[in-house]
Visitor: 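First, the structure itself, so that you have it in front of you.
Quick note: residue numbers are just sequence positions, from 1. Small disclaimer: the values here were computed from a predicted structure and weren't measured.
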Amino acid sequence: MWPRPQHPPSPRPRPRHSVAFGGTHERRSPKMVGGASPPPVTISRVLDAWNEMIENENHSLRDRVGDLEKKVHEQNDEIMCLRSTLADVLRRLTSVEASNRLGVSGGRATPTKDGGAVRLRHHHNSGDGVGARDPSKRVTSYVPGRPVSSTAHIRVTPDASYRRRGAHYQSTSSLYSDGHSSSSVSPAPSPSPTQAPSSSNTAAASHHHLHHHLPTRHVSTVSSPYASPTRPSQLGALNKRWVSTSDFATPSRAAYAHAPSPTPTNTALAARRPNSGSMHNLSSLRASNAPLANAHGRHGAREAQYNVEEGVVKLYLRGRPLNLYVPTPLREDYNPAGTSAPPPAKLKLEWVYGYRGRDCRNNVYQLPTGEIVYFVAAVVVLYNVEDQMQRHYLGHTDDIKCLAVHPNKLIIATGQTAGHDRRDARSWRLNPPTDPLSPEAEEWPHIRIWDSVSLNTLHVLGISDIERSVACLAFSKADGGGLLVAVDEAPDHNMSVWDWSRGDRGYKLLETKCSADQVLAVEFSPVDRNTIITCGKNHISFWSYESGMLAKRTGIFENRERPKYVTSISFTDSGNVISGDSNGNLLIWQRGGNTVYKMVRGAHEGPVFSILVQKDGAIITGGKDSNIVEWDRDLERTGNVIQVPEQFGAPRVVTSGRGSQLVVGTTRNCVLEGTFTFDIRPVMQGHTEELWGLTPHPSHHQFLTAGYDRTCYLWDTMAHTIVWSKDIGEPAQSAAFSSNGDIVIIGTTSGRWLVMDAETREVYSQHQDGNEPIQVLKFSPNAQYLAVGSRDNNIYVYQVSEDGRKYSRVGRCQGHSSFVTHLDWSTDSQFLQSNSGDYELLFWNAGLCRQIVQTSQMRDVEWATSSCTLTFNTLGIWPEGADGTDVNACTRANNTPVLATGDDFGKVKVFSNPACHQKARCLEYGGHSSHVTAIGFLHDDSRLISTGGRDTAVMQWVVNTTPASSSSSQH
């Protein structure tokens, strides 16, 4: 047994009295029940108890607040998904409504009015299988300025949204135009708030009226930028030997440039914006710069002169005359300044092939609607892979360089570089336009903020503040996206912070010099609303925004090796910064500080291009070594690695997709999808270097492209996929299908050309003609000859045998004094016509390889194609002030009188064929940000394909033909 415990005797009670200690008195505690005295109660114990209670309460409150924040985030995600779902439903309803209004006639869209609302009435063929496709699955290209549905809960006001201008027929000389818009989404001009102009000022007033007061929601019957001048009747053509277009009165451009403009209210500001990036833009950007072009004097295109007696038109290009012989049926009544017919077809952008990943970062995101958003050239693509649908934002006028998505996942900001005609000036401050709100202004680098549901432009920022280009963008996160930070590519890489939603042009809160070195990325902290991080060459900087000032602290690497580039940044859920550098290392920077907290060496072999922090805290990185690696929140490898195949390139950006999927943009301009469990697959591929070769298949809905990246792609226009690709080992310059489509010829930059099976990709033979690039390849209509135009000034003619597998040289056509640019066969396969770099038009006997000196004998020859840009039938494609290099490509539809061109300004134009009047009207479409190098119609004329040079983009346009009656009524 345990011994019984011995209790001590109870203490004797003490009398109550006070004892003094150092001049103070302490009252003894009263005696407790049972004889024991309680411990003395001190202030420190009270404070400890109080602090413990407060700490317990704080801990409880933190838990409750954390739970509430978690619920709020979950609800925000649910709301975002609901809004995105609603947006998707609205978009699909629009497609269904359009399908319910489908007509019977062929493949076109005409605008109609229904109770004041504009609707698009489609017409489709039912026999070829193309028009019978489900319209809900067809691609919808939106344009900025289209009204937002009232059922979508988006912050859009009519005054704040930028409206697109009405489409109209445009003269290539930018002197007059006439006609209707090309789509039901085009606005009509509203009555001018100013007094009606007099008849003498009709031209200038028409241009002023068009560009400055265009409301939305109407089908337009738009007058041209310059009204059609008054023409004398026939001008006594028989009494005057030469008829010149200078005999006709033309309005002054200078008068327009200095014409007074109304006070720029919000509505007027929105209406006055140009929409040169729009697919329906028909007002040439070059029109605003025509005085600049005309100032070159003889170096620009002069007015054509017509010799009635000889039936020859004399066209001047860069001071050099070119004689074009008028066909015999037109000799008597022809006038070079006559009125041309309106284009009998309109284009609509259907699909864009390509992505810009070779030199841009953080430019691929997946929206809650399931659309992947990215950009190429001057087009932002919203691609729904599951539904195989693309939508396009076409508000930009030149190369897009960066993209940012608002925290609500509905608003997107994109920044562009300077336009074609403004790169030399670089700075707004050095050479501002006459009117900051004019169409010319948006040729300068700027930021566009737009709605991803309606594709309306909401705000345009930085036109007078950003130099050269917008390098990177980011929305704030901690405050819900109220601010936008931008870094430009000026020498000091200026960083500006914007209250983007204040006014049509936003409000710049502050601007500061960021770094003398290149800046690669900028981000707002997701937890500290006033913290901004930038990184780039030789630096990572931590910025604090307080009281209208930005304070900068440079990252300290201490004894660690300083990288040449800090290539990527991201944030953990606790607010710490993760950076990747060119040495392949990952660093964690303590929140609120500028020192390294943790470092992982050799995370990748080479630069770390992208860092993605997922919701569960897992970290995913992508590097130049083509690896995508998963890490836990402590930066320990989980063992999950994706090796991106070499042909797709290294992962430039990695972002979250649906569920556990990852969406990857690569350095070889591919967009991929996949997970760590399933293989990664391409959803979009494109060329990586300058693109020149294009040839449509003669009988299938396919086309082939070839570029300086040594790769040839065969594309399917219906499935929007690559049928096959082949590396030919050297840069390609040109391509051509044989008449039956079984053989394809690829011309290279070294003078070598390959004969290849179009199905198996087997190379049958190789041939060498000189050491210069093969500029053009063309089979004769009877399939018995192949003409090879070279940069060595010669045309080589070959006889074709053995079903296109054997080629025997017939001879060489010598006579051009510059490189051959274009050539055409006659319909009987006996003659060739060719253009050269010095603006010559020569004719050849193909069988003898001899030049036909008497060119007047060729005036009535019928040509199988219209590839040559300098002919009588293409006289009207040359704008006033243009030189002979401005138009790069020309093609004629196979079955309809449509002529299309691609020029140095990134525009695709559609004319009526023949375009034999110098002021031929056209429809102009933007999207490319570089020179359009080649264009071609498919065999059934249902689509037009265009290729951009340095923008590496391939664009597929639906051709909507217009009946003659409709065209005449529009005229």
Visitor: Keeping the roles fixed (side chain from Ser476, backbone from Leu483), state whether a donor-acceptor pair exists under 3.5 Å.
Guide: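 Present.
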Visitor: Test of understanding: with side chain to side chain contact (heavy atoms under 4.5 Å, CB included), list the residues that count as partners of Ser660, not counting sequence neighbours.
Guide: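 With neighbours one apart ignored, the set is Thr675.
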Visitor: Test salt bridge (charged side-chain N to carboxylate O under 4.0 Å, His left out) on Lys508 and Asp465 and set out the steps.
Guide: CA-CA 9 Å; Lys508 184 170 68 174; Asp465 300 280; 2.7 Å; yes
Visitor: Compare all side-chain heavy atoms of Arg361 with those of Arg652 and state whether any distance is below 4.5 angstrom.
Guide: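 Sidechains of Arg652 and Arg361: in contact.
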Visitor: With a 4.5 Å heavy-atom cut-off, do Ile372 and Val364 have their side chains touching?
Guide: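 SC-SC contact between Ile372 and Val364 confirmed.
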Visitor: Does any N or O in the side chain of Lys907 come within less than 3.5 Å of the main-chain N or O of His928, such that one atom is a donor and the other an acceptor?
Guide: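 No: the side chain of Lys907 does not pair with the backbone of His928.
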Visitor: Using 0.5 Å steps for rounding, measure from the CZ atom of Phe609 to the OG1 atom of Thr666.
Guide: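 The distance works out to 10.5 Å.
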Visitor: Evaluate the side-chain proximity of Leu403 to Tyr365: yes if any heavy-atom separation is below 4.5 Å, no if none is.
Guide: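 The answer is yes; the side chains approach within 4.5 Å.
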Visitor: Would you call Ile945 and Met955 a side-chain contact if the rule is heavy atoms closer than 4.5 Å?
Guide: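 With C-beta onward as the side chain, the pair stays apart.
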Visitor: Checking Glu689 against Arg358 for the salt bridge (charged side-chain N to carboxylate O under 4.0 Å, His left out) test, could you report, in this order, the C-alpha distance in whole Å, the side-chain angles of both residues, the deciding distance, and whether it holds?
Guide: CA-CA 9 Å; Glu689 294 185 34; Arg358 67 189 187 277; over 6 Å; no
Visitor: With Ile449, which of Ile412, Thr457, Leu484 fulfils side chain to side chain contact (heavy atoms under 4.5 Å, CB included)?
Guide: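 Going through Ile412, Thr457, Leu484 one by one, the side chain to side chain contact (heavy atoms under 4.5 Å, CB included) with Ile449 is satisfied by Leu484 alone.
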Visitor: Can the ring centres of Trp543 and Phe524 be said to be less than 6.0 Å apart?
Guide: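 No, too far apart.
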Visitor: Does the separation of the ring centres of Trp500 and His406 fall below 6.0 angstrom?
Guide: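 Yes; His406 has its ring centre under 6.0 Å from that of Trp500.
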Visitor: As a test of understanding, state which of Ile611, Val608, Ile588, Leu587 forms a side chain to side chain contact (heavy atoms under 4.5 Å, CB included) with Ser579.
Guide: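 Exactly one pass, corresponding to Leu587.
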Visitor: Would you call the rings of Trp715 and Tyr713 parallel, tilted or perpendicular, taking 30° and 60° as the class edges?
Guide: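 If you compare the ring of Trp715 with that of Tyr713, the planes turn out tilted.
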Visitor: Is the Tyr507-Trp498 ring centre distance short of 6.0 angstrom?
Guide: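 No - the distance between ring centres of Tyr507 and Trp498 does not fall below the 6.0 Å cut-off.
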Visitor: Ignoring hydrogens and geometry, is there a side-chain-to-backbone donor-acceptor pair from Asp951 to Ser929 under 3.5 Å?
Guide: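 At least one qualifying donor-acceptor pair exists.
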